[in-house]
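Remember, predicted model here, so these are calculated numbers, not experimental data. Note that these values count all heavy atoms, side chains included, but never hydrogens, waters or copies made by symmetry.
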Amino acid sequence: MSEIRYRIDPRLIPPQKVARRLGVSYECFKSAIPQLEASGFPRPVNVLGNYCLQAVDKWIDIQSGLIPETNPEIVRQNLLAAVREKRWA
């Protein structure tokens, strides 16, 4: 009989689990994907259609301000939005 000796947490997770990780329903997540991806949310892995859990967690950390944004295009968009809103004044 084959027994699992060590627990292995999957790194790639299906969209339903991503939705749970974000604290929303799957339907809400599906409808928000375009806006999420526009804000730098990771795309699913092409072959499997699953999401990298570490990339999702990093995106959450960036959104919450725990770590700084590193994508130059997102940094540029955030800077332009701040100037438009005059957050610098």
Side-chain angles (χ1 to χ4, degrees):
M1 179 186 329
S2 175
E3 291 185 25
I4 297 176
R5 297 178 79 186
Y6 302 100
R7 178 184 166 159
I8 298 176
D9 293 324
R11 183 163 169 185
L12 296 177
I13 60 174
Q16 294 83 354
K17 288 192 178 187
V18 174
R20 286 200 334 236
R21 186 74 163 187
L22 296 174
V24 300
S25 69
Y26 176 62
E27 293 75 24
C28 178
F29 173 68
K30 263 184 15 181
S31 67
I33 287 175
Q35 294 101 337
L36 287 167
E37 288 180 349
S39 70
F41 192 79
R43 296 181 190 277
V45 174
N46 289 336
V47 175
L48 300 174
N50 287 345
Y51 290 82
C52 174
L53 182 57
Q54 289 178 340
V56 170
D57 285 345
K58 181 178 177 184
W59 179 86
I60 293 169
D61 290 346
I62 290 169
Q63 296 303 305
S64 65
L66 292 175
I67 58 175
E69 175 60 65
T70 57
N71 180 326
E73 182 56 29
I74 301 293
V75 170
R76 181 180 147 306
Q77 289 172 5
N78 291 343
L79 179 61
L80 289 174
V83 169
R84 277 189 228 107
E85 295 172 11
K86 296 182 182 177
R87 280 193 262 167
W88 47 272

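The list of ring-ring contact (aromatic ring centres under 6.0 Å, His included) pairs with a residue in residues 53-80, not counting sequence neighbours, reads F41-W59. Pairs engaging residues 40-56 under the salt bridge (Lys or Arg N to Asp or Glu O under 4.0 Å) rule: E37-R43 [sequence neighbours left out]. Each salt bridge (Lys or Arg N to Asp or Glu O under 4.0 Å) pair with one or both residues in residues 44-53, not counting sequence neighbours, would appear here, but there are none.
With sequence neighbours excluded, the residues forming a side chain to side chain donor-acceptor pair (under 3.5 Å) with D9 are R7, listed by chain and number. With sequence neighbours excluded, the residues satisfying side-chain contact (heavy atoms from CB on, under 4.5 Å) with L66 are D61, S64. A search for salt bridge (Lys or Arg N to Asp or Glu O under 4.0 Å) contacts involving R5 returns nothing, not counting sequence neighbours.
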Could you pull out all donor-acceptor pairs under 3.5 Å where a side-chain atom in residues 25-33 meets a protein atom, sequence neighbours excluded?
unit_1	atom_1	unit_2	atom_2	d
S25	OG	C28	N	3.0
S31	OG	E27	O	3.4
S31	OG	C28	O	3.0

Check residues 47-58 and write down every donor-acceptor pair under 3.5 Å in which the side-chain atom is one partner and the other belongs to a residue at least two apart or another chain.
unit_1	atom_1	unit_2	atom_2	d
Q54	OE1	R11	NE	3.0
Q54	OE1	R11	NH1	3.3
Q54	OE1	R11	NH2	2.8
D57	OD1	R21	NE	2.9
D57	OD1	R21	NH2	3.1
D57	OD2	R21	NH2	2.7

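Clustering of Ile, Leu, Val, Met, Phe, Trp and Tyr side chains at separations under 4.5 Å places I67 together with I62.
L36 and I60 end up in the same hydrophobic cluster when Ile, Leu, Val, Met, Phe, Trp and Tyr side chains are linked at under 4.5 Å.
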